[in-house]
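These notes are about the structure you will find just below.
Below, all heavy atoms of this structure are taken into account, side chains as well, without hydrogens, waters or symmetry copies. Values in this document were obtained by computation on a predicted structure and should not be read as measured data.
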Amino acid sequence: MPEPRWLDQEEMRAWMGYRRMRLLLDLQVNRELMAQHGLSEPDYDVLSNLSEAGDDGMRLSELAAYMRWSKSRLSHHITRMQERGLVERRECADDGRGSLLHLTIHGAKMIRNAAPDHVDSVRRHFIDLLTREDVEVFGKISHRVLDHLREIELNH
């Protein structure tokens with residue numbers, strides 16, 4: 001096995017800064033989402049994904065794969081969201097065994113109301129702190145890493 005390549009001081013600073021930034025940024029944005037709309041980050045993720053799915057809804061397995069959650073974990077979370085009137089499960093017309101997840105009227109209203117404040121929070125705590133060049137570079141970096149990770153996923 002080859003000897004590990006340790007991170008130099010600048011690489012370590014970048015890595016640790018990214019980790020801390022991600023943690024604190026997520027905490028702040030999520031804190032505001034909960035205070036303003038009573039939604040957790042997972043609630044928001046489910047609602048936003050289902051809103052993009054439109055009238056077709058989404059299978060639980062499809063949403064779980066997209067969110068990188070186990071089906072069991074997502075199923076439990078969906079049950080809690082159903083109890084709050086945010087989502088519903090409907091039988092799949094072409095598959096009697098399966099069901100599709102859909103937003104309720106209340107869930108659609110919640111995501112419509114929360115989205116502008118969520119975007120504002122992301123802007124205030126991240127985007128607006130960067131120059132246009134910073135945003136472009138960050139986009140390139142994040143997509144380079146995402147492409148690499150997708151390639152690994154495809155090969156496993």
Side-chain angles (χ1 to χ4, degrees), residues 17-156:
Y18 163 75
R19 288 179 48 102
R20 193 73 180 152
M21 176 198 70
R22 186 185 71 201
L23 173 70
L24 295 178
L25 182 59
D26 284 349
L27 286 171
Q28 183 62 38
V29 170
N30 294 331
R31 185 179 301 124
E32 291 179 12
L33 185 61
M34 181 58 77
Q36 294 169 336
H37 299 281
L39 295 172
S40 67
E41 179 183 22
D43 291 339
Y44 188 87
D45 288 345
V46 167
L47 293 175
S48 63
N49 282 302
L50 291 180
S51 73
E52 290 178 19
D55 294 337
D56 294 336
M58 284 181 91
R59 287 187 177 275
L60 186 127
S61 57
E62 179 186 3
L63 183 56
Y66 185 77
M67 291 178 67
R68 301 298 198 260
W69 282 23
S70 71
K71 287 189 279 186
S72 174
R73 178 183 179 197
L74 182 58
S75 181
H76 288 298
H77 192 79
I78 292 294
T79 298
R80 290 189 296 275
M81 290 180 77
Q82 280 181 281
E83 291 168 356
R84 293 166 47 210
L86 299 170
V87 298
E88 62 186 1
R89 297 176 203 237
R90 297 182 193 162
E91 284 190 27
C92 184
D94 60 337
D95 178 3
R97 298 174 300 129
S99 64
L100 292 171
L101 303 174
H102 289 269
L103 291 178
T104 62
I105 292 170
H106 178 58
K109 181 179 177 184
M110 289 292 286
I111 192 65
R112 273 194 315 273
N113 289 339
D117 291 331
H118 186 258
V119 170
D120 179 62
S121 183
V122 170
R123 281 199 157 285
R124 280 184 294 111
H125 302 301
F126 182 63
I127 298 297
D128 290 347
L129 302 175
L130 306 176
T131 65
R132 175 51 61 188
E133 182 181 331
D134 292 338
V135 171
E136 290 172 10
V137 169
F138 191 82
K140 288 177 186 175
I141 291 168
S142 61
H143 284 278
R144 184 180 313 140
V145 172
L146 286 169
D147 290 346
H148 166 76
L149 295 173
R150 283 188 198 112
E151 184 67 30
I152 291 171
E153 189 173 60
L154 287 173
N155 292 322
H156 282 98

So CD of E151 and CD of E153: to nearest 0.5 Å the spacing works out to 10.5 Å
Would you say that more than 12 heavy atoms from the other residues, nucleotides or ligands in this model lie under 6.0 Å from the CZ of R123, or not? no
Correct closest heavy-atom pair for V46 and H77 would be CG2-CD2, 4.3 Å
Stepwise side chain to side chain contact (heavy atoms under 4.5 Å, CB included) test for D26 and H125: CA-CA 10 Å; D26 284 349; H125 302 301; over 6 Å; no
Between the side chains of D120 and R124, is the shortest nitrogen-to-carboxylate-oxygen separation below 4.0 Å, so that they form an ion pair? yes
Between D43 and R80, is there a salt bridge with N-O shorter than 4.0 Å? no
For the side chain of T104 and the backbone of L86, is there at least one donor-acceptor N/O pair under 3.5 Å apart? yes
Heavy-atom distance under 4.5 Å between the side chains of L25 and V122, does that happen here? no
Rounded to the nearest 0.5 Å, what's the gap from NE2 on H106 to CD on E88? Could you check? 12.5 Å
Do you know which two heavy atoms are closest between D45 and S48, and how far apart they sit? O-OG, 3.2 Å
Give, for atom NE2 of H143 and atom CZ of F138, the distance between the pair rounded to the nearest 0.5 Å. 9.5 Å
Between R59 and L100, is any pair of side-chain heavy atoms under 4.5 Å apart? yes
Check R89 against S99 and note the closest heavy-atom contact, atom names and distance. CB-OG, 4.2 Å
Does the side chain of L33 come within less than 4.5 Å of S40's, by heavy atoms? no
Using 4.0 Å as the upper bound for N to carboxylate O, is an ion pair formed by R150 and D147? yes
Heavy atoms of N49 and M58 approach each other most closely as O-SD, 3.9 Å
Which atoms form the tightest heavy-atom contact between H102 and D55, and what is the distance? CE1-O, 2.9 Å
Under 3.5 Å side-chain donor-acceptor pair for H118 and E32: no
Side-chain donor/acceptor of D134 to backbone N/O of T131, under 3.5 Å: yes
Please assess V87 against L101 for the test side chain to side chain contact (heavy atoms under 4.5 Å, CB included), listing each intermediate value before the final yes or no. CA-CA 7 Å; V87 298; L101 303 174; 5.7 Å; no
Trace of the side chain to side chain contact (heavy atoms under 4.5 Å, CB included) decision for L24 with L27: CA-CA 5 Å; L24 295 178; L27 286 171; 4.3 Å; yes
Between R84 and L39, is there a side-chain heavy-atom distance shorter than 4.5 Å? yes
Can you list the steps and then say if L60 with S75 is a side chain to side chain contact (heavy atoms under 4.5 Å, CB included)? CA-CA 7 Å; L60 186 127; S75 181; 4.0 Å; yes
With the side chain counted from C-beta on, respond yes when S121 and F126 share a heavy-atom pair under 4.5 Å apart, and no when they do not. no
Please check if the number of heavy atoms outside I105 that lie under 6.0 Å from its CD1 is greater than 12. no
With rounding to the nearest 0.5 Å, note down the distance linking CD in E83 to CD1 in I78. 11.5 Å
Carboxylate-amine/guanidinium contact E62 K71, below 4.0 Å: no
So, H37 versus N113: side-chain donor-acceptor pair below 3.5 Å or not? no
Please report the shortest heavy-atom distance between Y44 and A115, naming the atom on each side. OH-CA, 3.5 Å
